[in-house]
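Below is one structure, written out as structure tokens, with a few remarks after it.
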Protein chains: 2
Amino acid sequence: MYSISDIARLTGITAYTLRYYERIGVLPKPRRQLGNSGGSRQYDDLDLRYIRFIYGLKQTGMTLEDIMSFTKDGCLLTEREEDAPIIEDTLHSRIDILNRHIADLDQRMKQLEEVKAVALEKRAFYSAMLEKLEKADHIL
Amino acid sequence: MYSISDIARLTGITAYTLRYYERIGVLPKPRRQLGNSGGSRQYDDLDLRYIRFIYGLKQTGMTLEDIMSFTKDGCLLTEREEDAPIIEDTLHSRIDILNRHIADLDQRMKQLEEVKAVALEKRAFYSAMLEKLEKADHIL
DNA sequence: GCTTGACTTAGAGTCAGCTCTAATTTTTAT
DNA sequence: ATAAAAATTAGAGCTGACTCTAAGTCAAGC
């Protein structure tokens, strides 16, 4: 079991931000130490894995609103047993959402590839120029 | 020659934002129609190409500050003749900056790959479950 | 020459996404 | 049992990145 500061250390997200994400609904409410909703937050490895997944989306350019559109409809990505019953309907919906998300990731990667291609081109241009200059130096 | 609204249309960046980028130094000051700094902004294809490159960086998650750290030291990525004279020193510096930038892009792509791997895993999990359910239906 | 429309500026306003404060309670170590 | 460290909350404040307003200038068509 992890505390909020353990999670902060393990993920690189501040405790402030973790509480903020919970408040606005990006992350689900975790269990608490005492009573149904008192005491400190307690996280397990499944929570950690989920938080890392969500943070990955954020870090790769997805807005919190977009992230929420994937996670609402009943917290679709947690894989936790106590979540919505797994019936064919929700399964189809989950798979659809993942498909859309994968397509979005592919789009982002394509864009990065394009930017990288331009950068490589520029580097090749400068390298060629440098080589010419060095040859000229050698002759003199 | 393009006006600011041509560039806005061609890149998808608003004219407001283009002026803002120029103001804070993300984009260089373009030529003007009349006098040295009066009249409307005029852009050519090299400017357009450069603006698209910069916007690509932004869209793939780089902050404006990070972008500026690549472009300062004398507007290192424009390839325009009237820029800093091409001497060995600045060439080395340009190549270094591009190398750092390419490394950064690789890092971002790696992160996207990781997020995608998790998404694919989740999808496979749900698909397998769906298949099982369908088989069960068939038997009944 | 006048209107229309796109351009110009400085500066104010907006919104997302944190980030922190203050006052309080809970947890942990001795 | 008590002190220190870490957690809790609501809500205020901050920063980055736009986004717009207002007041004015310029160029083209009628």
Side-chain angles (χ1 to χ4, degrees), chain A residues 1-44 47-48 51-72 104 111, chain B residues 1-44 47-48 51-72 104 108:
Chain A
M1 280 296 171
Y2 307 108
S3 73
I4 194 163
S5 52
D6 293 332
I7 297 291
R9 202 168 5 80
L10 291 165
T11 61
I13 312 173
T14 68
Y16 293 141
T17 304
L18 286 167
R19 290 195 201 96
Y20 168 71
Y21 281 179
E22 191 184 319
R23 211 171 357 170
I24 65 170
V26 167
L27 293 176
K29 292 173 198 286
R31 268 121 261 115
R32 298 300 186 117
Q33 206 135 28
L34 45 108
N36 218 332
S37 66
S40 340
R41 290 164 178 80
Q42 282 186 311
Y43 303 88
D44 62 18
D47 293 321
L48 177 58
I51 292 166
R52 281 188 167 137
F53 176 68
I54 294 298
Y55 193 49
L57 301 185
K58 182 80 235 304
Q59 281 191 302
T60 49
M62 196 169 287
T63 66
L64 296 181
E65 204 179 339
D66 285 347
I67 291 170
M68 278 192 271
S69 82
F70 282 117
T71 59
K72 69 163 169 268
D104 188 272
Q111 197 161 32
Chain B
M1 281 295 171
Y2 306 107
S3 73
I4 194 163
S5 53
D6 292 332
I7 297 291
R9 202 167 5 81
L10 290 165
T11 61
I13 312 172
T14 67
Y16 293 141
T17 304
L18 286 167
R19 290 195 201 96
Y20 168 70
Y21 282 179
E22 190 183 319
R23 211 173 357 172
I24 66 170
V26 167
L27 293 177
K29 293 175 198 285
R31 270 120 262 115
R32 297 301 186 117
Q33 205 134 28
L34 44 109
N36 216 334
S37 67
S40 340
R41 290 164 178 81
Q42 282 186 312
Y43 303 88
D44 61 19
D47 293 321
L48 176 59
I51 292 167
R52 280 189 167 136
F53 175 68
I54 294 298
Y55 193 48
L57 302 183
K58 181 78 236 303
Q59 282 192 301
T60 50
M62 195 170 286
T63 66
L64 296 181
E65 204 179 338
D66 285 347
I67 291 170
M68 279 191 271
S69 80
F70 283 117
T71 59
K72 68 162 169 271
D104 188 272
R108 277 165 203 284

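The chains referred to below are lettered A, B, ... by the order of the sequence lines, with proteins before strands, and numbering in each begins at 1.
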Atom pair OH (B:Tyr20) and CD1 (B:Ile13), whose distance is rounded to the nearest 0.5 Å: 13.0 Å

Contact string for nucleotides 5-12 of chain D, one letter per nucleotide 5' to 3', B = base within protein heavy-atom range under 4.0 Å, S = sugar-phosphate only, - = neither, reads --SBB-B-

Result for 5'-nearest mapping on DNA chain D, choosing between B:Met62 and B:Tyr16, is B:Met62

Heavy atoms only: give me the nearest A:Ile67-A:Lys58 pair and the separation to one decimal. CD1-N, 3.8 Å

Rounded to the nearest 0.5 Å, what's the gap from CE on B:Met1 to CD on B:Gln42? Could you check? 5.5 Å

Find the distance between OG1 (B:Thr14) and CZ (B:Arg9) and round it off to the nearest 0.5 Å. 14.0 Å

Whichever of A:Tyr20 and A:Gln33 has its nearest DNA chain C nucleotide further upstream toward 5': A:Tyr20

Whole Å only: how far is the CD1 atom of B:Ile67 from the P atom of D:dC18? 9 Å

With respect to the side chain of A:Thr63, which nucleotide from C:dG17, D:dA17, C:dC18 is positioned closest? C:dG17

side-chain N/O B:Lys58 vs D:dC18 OP1/OP2, d < 4.0 Å: yes

So which atom in A:Ala15 and which in A:Ile4 form the shortest heavy-atom distance, rounded to 0.1 Å? O-CD1, 3.8 Å

What's the separation between atom CZ in B:Arg108 and atom CG in B:Leu57, rounded to the nearest 0.5 Å? 9.0 Å

Taken to the nearest whole Å, CG/B:Leu57 to P/D:dA17 is 13 Å

